[in-house]
Amino acid sequence: MAKEITKREDNYSQWYNDIVKKAGLADNSAVRGCMVIKPLGFGIWENMKAQLDKMFKETGHVNAYFPLFIPKSFLSKEAKHVEGFAKECAVITHHRLMNNPDGEGVVVDPTSKLDEELIVRPTSETIIWNTYRDWIQSYRDLPLLINQWANVVRWEMRTRPFLRTTEFLWQEGHTAHATKEEAITEAELIHEVYAKFAEEYMAMPVIKGYKSENERFAGADNTFTIEALMQDGKALQAGTSHFLGQNFAKAFDVKYSDSNNKEEYVWATSWGVSTRLVGGLIMTHSDDAGLVIPPRLAPTQVVIVPIPKPSEEIMKVADDIAAKLKDRGIRVKVDTDDKKRPGFKFAQYEMEGVPVRIGIGMRDLANNLVEVARRDTKEKESISLDSIDQHIDDLLINIQNNLFERAKKYRDDHITEVDNFDDFKKVIEEKGGFVKCHWDGTVETELKIKELTKATLRCIPNDEKESEGKCVYSGNPSNKKVLFAKAY
RNA sequence: CGGGGCGUAGCGCAGCCCGGUUAGCGCACCUGGUUUGGGACCAGGGGGUCGGAGGUUCGAAUCCUCUCGCCCCGACCA
């Protein structure tokens, strides 16, 4: 393991790559654009998944699983949907290999060509709505509240670990409702769940809002989004929840009979978050010493390091502390490695983002003390053995809160209100972050701003009050301020 | 798909311009010893089809041609 990672101020994206690699979150794989998620990275995802799954279940959803492959014809049934995904689909054309008749290795058997090509799912609306047609007859079958944990493939031109990979892991919820109002309420409910998860578990402050027509999901009537801000001033779309109207119901002919035996098209939502969240987590909290993981998602919350190395006496104390912490539900690891020295271990656990480190050495032990170091501020203090478990319990909560407050302060400091385009450009170029301004509501203006500044309309915030003003670009009247930013 | 860069030990690199013993260095790894409160030190050791294929040459990591792959920047996107 190398000692150095690139400093954030020197090269932010290199710093990000270094963290992913050197903290052991993921490796590049033999497949272009696809990563191997290593135990630490996957452990974080597992914790995210466990919490989200719990929240989905608490709001009445159940899990199911739909096929990885989608018949090509399905993708073309919803016009906007095709437009959105056609350019990035992996297509399966054959189903058999054979020994190369002309030499070494194997070749595709030309006689195994599929009658209809299969698409590796970029998202599952089509296959799911094709299935829902059979599942839904009456209003008594509604609502249908289903989620699936799955992998999907989008053939992106350029990839980055976690933030954008060709294959990624996610959950996708797909719900069916009898009324428009109920479907909108569902999309908003999940929007709230996502925001709560991001802020309370990831300690990542988010702005809740909805997308402009231009930025909305292909096939949606409305897209709710949570937008986070990374340390380099770029925004990250962290989770989206879509009100799909009756678009997919009409495309796949999904109707139900209401209580008056009248046939109606079903109303739909879909919503998802992905392993991209791990990237967001990294870029929200980590520093030049490595990864910083908020305690609630850390696979290991506390590591106990014997100083200078494991001895019978020290290990007895270590095991005793570990047992007490486990009783409190804290995920703790005791380092029993006698080959490496403490200094090396300290640096290593800092790189891996373990929130709290307890150092136990004879010198402190003689005074009934241990050394407690917190990852977020790197502060160290000596704590009495008698109250160590309570102290750690409190400290983990404290770290979780501190990470959120720190990130929120940065985020709030980087929302800049402007009322003219010169200031807009200046803020986007020099300061970064969100720019809040009036917008005339047209796609033309939105695209022009993107062309001139690379900033995109991130969202129209939910909590933004109406106010009269002039569009920052066109000068046309506007009654609401929106957020622009450069984004991942 | 454009514009840059790079492929030499597990990782990071030097050597290439100007061809010539047995291809080198740091980290990591193995053995032994001394160490041990913030990335230990000494000694010894193992590990390479120099990305691949052709060519030039008495001789190629080095020169030429072709090819494959990766990274960074841009267009596209969660």
Side-chain angles (χ1 to χ4, degrees), chain A residues 1-6 11-14 16-18 20-22 24 27-35 83-89 122-123 151-172 194 211 214-218 220 223 225-228 235-242 270-280 289-290 305-311 314 337-351 357-367 369-371 373 378 380 382 450-451 454 456 458 486-488:
Chain A
M1 188 69 66
K3 294 175 186 177
E4 299 290 322
I5 60 175
T6 306
N11 184 341
Y12 192 81
S13 61
Q14 191 56 48
Y16 176 82
N17 290 338
D18 285 353
V20 168
K21 202 162 196 177
K22 294 182 176 162
D27 271 346
N28 288 325
S29 74
V31 185
R32 180 193 159 81
C34 296
M35 61 178 174
E83 241 175 78
F85 288 106
K87 287 170 290 184
E88 47 190 39
C89 287
T123 179
N151 57 337
V152 287
V153 166
R154 295 181 191 173
W155 214 267
E156 304 287 356
M157 291 174 189
R158 211 177 135 203
T159 59
R160 300 196 63 192
F162 293 108
L163 295 172
R164 179 171 300 105
T165 47
T166 301
E167 178 191 13
F168 57 94
L169 306 183
W170 76 345
Q171 56 73 215
E172 47 180 325
Y194 285 164
K211 290 289 189 185
N214 179 245
E215 291 281 336
R216 168 188 305 169
F217 172 74
T223 289
T225 179
I226 53 172
E227 297 284 327
L236 182 81
Q237 178 177 306
T240 48
S241 174
H242 315 289
S270 71
W271 28 274
V273 295
S274 73
T275 35
R276 168 176 254 208
L277 289 180
V278 177
V305 180
I307 300 169
K309 63 178 183 180
S311 68
I314 289 174
D337 186 345
D338 60 359
K339 299 289 192 298
K340 296 189 174 67
R341 310 180 66 177
F344 181 89
K345 293 178 181 177
F346 295 170
Q348 189 58 32
Y349 288 120
E350 278 162 14
M351 180 68 78
R357 183 183 75 236
I358 301 176
I360 308 177
M362 293 310 292
R363 208 158 69 201
D364 286 341
L365 219 47
N367 298 312
L369 297 172
V370 292
E371 181 185 83
K378 303 262 212 66
K380 292 192 276 198
S382 292
K450 182 180 178 185
E451 183 193 326
K454 304 253 161 54
T456 50
R458 301 320 304 158
K486 284 189 190 171
Y488 275 98

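Since we're looking at a predicted model, the values are computed, not measured. Chain identifiers are assigned alphabetically (A, B, ...) following the order of the sequence lines, protein sequences preceding nucleic acid strands; residue numbering begins at 1 within each chain.
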The single option from Thr166(A), Thr165(A), Asp27(A) that satisfies side-chain contact (heavy atoms from CB on, under 4.5 Å) with Met35(A) is Thr165(A)

Note, RNA chain B 5' to 3' with Watson-Crick or G-U pairs under 3.5 Å encoded as ( ), [ ], | and . gives ((((((((.[[[[.)....(...]]]].((((((.....)))))).....[[[[[..)....]]]]])))))))....

Closest listed nucleotide, where the reference is the side chain of [X] and the choices are [options]:
X	options	value
Pro308(A)	U36(B), C72(B), A78(B)	U36(B)
Phe346(A)	G38(B), G74(B), A78(B)	G38(B)
Lys450(A)	C76(B), G38(B), A78(B)	C76(B)
Arg154(A)	G38(B), C72(B), A78(B)	A78(B)
Arg32(A)	A78(B), C70(B), G39(B)	C70(B)
Lys454(A)	A78(B), A75(B), U36(B)	A75(B)
Arg363(A)	G39(B), A78(B), G37(B)	G37(B)
Asp364(A)	G37(B), A75(B), A78(B)	G37(B)
Glu350(A)	G38(B), A78(B), G37(B)	G38(B)
Glu371(A)	U36(B), G37(B), C76(B)	G37(B)

Distance between [atom1] atoms of [N] and [M] (Å, rounded):
N	M	atom1	result
C17(B)	G4(B)	P	23 Å
G15(B)	G55(B)	C1'	24 Å
G3(B)	C58(B)	C1'	43 Å
C71(B)	C30(B)	P	30 Å
A28(B)	G10(B)	C1'	7 Å
C16(B)	G24(B)	P	15 Å
G26(B)	C76(B)	C1'	41 Å
G59(B)	C1(B)	P	38 Å

Rounded to whole Å, how long is the line connecting atom [atom1] of [X] with atom [atom2] of [N]?
X	N	atom1	atom2	answer
Glu451(A)	C76(B)	CD	P	11 Å
Phe344(A)	C29(B)	CZ	C1'	13 Å
Lys87(A)	A78(B)	NZ	P	10 Å
Glu227(A)	A78(B)	CD	C1'	10 Å
Lys309(A)	G37(B)	NZ	P	11 Å
Met157(A)	G2(B)	CE	C1'	11 Å
Gln348(A)	A28(B)	CD	P	12 Å
Lys339(A)	U35(B)	NZ	P	18 Å

How would you label the contact of [X] with the nucleic acid (heavy atoms, under 4.0 Å): base, sugar-phosphate, or nothing?
X	value
Phe217(A)	nothing
Gln237(A)	sugar-phosphate
Leu163(A)	base
Arg160(A)	nothing
Thr165(A)	base
Ser13(A)	sugar-phosphate

| query | Under 4.0 Å: is that the gap between some side-chain N or O of Asn28(A) and OP1 or OP2 of G69(B)? | reply | no

- Message: Between Arg341(A) and G37(B), is there a contact of a side-chain N or O with OP1 or OP2 at under 4.0 Å?
- Response: yes

Taking atom types as modelled, is there a side-chain donor on Lys340(A) or Gln348(A) under 3.5 Å from an acceptor on the other? no

How close do [X] and [Y] get, heavy atom to heavy atom, and via which atoms?
X	Y	result
Tyr488(A)	Leu236(A)	CB-CD1, 3.7 Å
Pro306(A)	Ile314(A)	CB-CG2, 3.6 Å
Trp271(A)	Ser241(A)	CB-CA, 3.7 Å
Asp338(A)	Lys309(A)	O-CD, 4.5 Å

Would you say [X] and [Y] make side-chain contact, with heavy atoms under 4.5 Å?
X	Y	answer
Thr223(A)	Glu215(A)	no
Phe346(A)	Arg357(A)	yes
Met351(A)	Ile5(A)	yes
Thr6(A)	Asn17(A)	no

When Gly84(A) and Asn17(A) are each assigned the nearest nucleotide of RNA chain B, the 5'-most assignment goes to Asn17(A)

Ranking Ala347(A) and Phe168(A) by the position along RNA chain B of their nearest nucleotide, the one closer to 5' is Ala347(A)

